[in-house]
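First the structure, in the form of structure tokens, and then the observations on it.
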Amino acid sequence: MSAPTGEPTPLDFLATLVRQQRVALGYRSKEVAAEACGLSHMPYRNVEAGRPVSKLTYTKIEQGLKLSPGACQHVLDGGDSLLLADGTELIVRARVRNHDLSQFPDDLKNAVLGAASATAPDLSLRDADEMTQRVLEYLRERGYPLKGE
């Protein structure tokens, strides 16, 4: 919920950060994320909607979304970032840049060929091309958008 002035509240910041982390972990729906956190769907949805929930719910969100203990309270206390369990920081105003991937397969092929020639000069062009195809398939299987193929 936004404050009457239109300025985001700490609950809004937390909602944004939790949503970003859910997406980063590959949870396509709030329901899947709720299950990963050991929560029913409504408490989880309340967090992403910027509504207050219990401390226990915040603790379960931290555990399920791989946040450091106390990360939710930090944001509610006015912080603009969540500390992830691995020590990295997720900042509320961070933007994921949408790269133009139309040239990605060609760039990837050039990168693989360059790496192969530098590290395995006896590797055939056919083998290097097969490596490129396997890397592209690996990325496709994991849902990376590969435009321009």
Side-chain angles (χ1 to χ4, degrees), residues 1-116 118-119 128-149:
M1 310 246 15
S2 292
T5 63
E7 288 296 312
T9 67
L11 285 168
D12 293 324
F13 285 146
L14 183 60
T16 298
L17 290 164
V18 166
R19 187 171 27 264
Q20 286 177 337
Q21 181 65 357
R22 170 178 56 86
V23 171
L25 291 173
Y27 299 136
R28 295 180 185 250
S29 72
K30 294 172 189 164
E31 290 75 18
V32 173
E35 290 172 19
C37 294
L39 294 168
S40 64
H41 301 167
M42 281 314 295
Y44 184 88
R45 284 183 171 279
N46 284 337
V47 172
E48 281 204 25
R51 292 189 284 271
V53 295
S54 72
K55 288 185 180 193
L56 179 60
T57 297
Y58 290 130
T59 298
K60 288 184 175 188
I61 295 250
E62 290 165 354
Q63 292 168 349
L65 296 184
K66 301 178 182 169
L67 306 174
S68 66
C72 291
Q73 190 60 52
H74 169 73
V75 174
L76 294 174
D77 289 342
D80 66 351
S81 65
L82 283 176
L83 188 60
L84 305 183
D86 68 3
T88 59
E89 192 174 27
L90 182 62
I91 301 170
V92 77
R93 289 189 173 94
R95 298 283 185 257
V96 175
R97 188 171 165 203
N98 291 323
H99 295 280
D100 175 14
L101 297 178
S102 62
Q103 299 298 315
F104 185 73
D106 290 335
D107 290 344
L108 179 63
K109 183 175 182 176
N110 290 335
V112 171
L113 289 175
T119 59
D129 190 48
E130 176 65 24
M131 286 173 56
T132 302
Q133 294 309 315
R134 287 181 185 222
V135 169
L136 286 170
E137 186 59 34
Y138 177 88
L139 295 173
R140 271 189 222 100
E141 287 172 0
R142 279 148 187 81
Y144 289 92
L146 301 178
K147 299 176 187 173
E149 288 191 85

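The first residue of the sequence shown is numbered 1, and numbering continues consecutively from there.
- No side-chain heavy atom of D77 sits under 4.5 Å from any side-chain heavy atom of P10.
- The shortest distance between side-chain heavy atoms of Y58 and L76 falls below 4.5 Å.
- In this structure, R22 contributes its side chain and A33 its backbone to no donor-acceptor pair below 3.5 Å.
- Put simply, NE2 on H74 and CG on L14 are 11.0 Å apart, with the number rounded to the nearest 0.5 Å.
- Taking both residues in full, the closest heavy atoms of G70 and E62 are given as N-OE1, 3.1 Å, listed atom of the first, atom of the second, then distance.
- In this structure, the side chains of E31 and R45 come closer than 4.5 Å at one or more pairs of heavy atoms.
- Under the 3.5 Å distance criterion, the side-chain polar atoms of Q21 are left unmatched by any main-chain donor or acceptor of L67.
- A distance of 6.5 Å separates CD1 of I61 from SG of C72, quoted to the nearest 0.5 Å.
- The structure places CG of L11 at 10.5 Å from CZ of R51, a figure rounded to the nearest 0.5 Å.
- Judged by distance alone, the side chain of T57 and the main-chain N or O of V53 form no donor-acceptor pair under 3.5 Å.
- Under the 3.5 Å distance criterion, the side-chain polar atoms of Q63 are left unmatched by any main-chain donor or acceptor of C37.
- When all heavy atoms of A15 and V47 are compared, the pair lying nearest together is CB-O, 3.3 Å.
- Judged purely by distance below 3.5 Å, without hydrogens or angles, the side chains of Y44 and E48 pair a donor atom with an acceptor atom.
- To the nearest 0.5 Å, atom OG1 of residue T59 and atom NZ of residue K55 are 9.0 Å apart.
- Here the side chains of S81 and V75 are not in contact, with every heavy-atom distance at 4.5 Å or above.
- The closest side-chain donor-acceptor pair between D12 and T9 falls under 3.5 angstrom.
- No side-chain heavy atom of S68 sits less than 4.5 Å from a side-chain heavy atom of L84.
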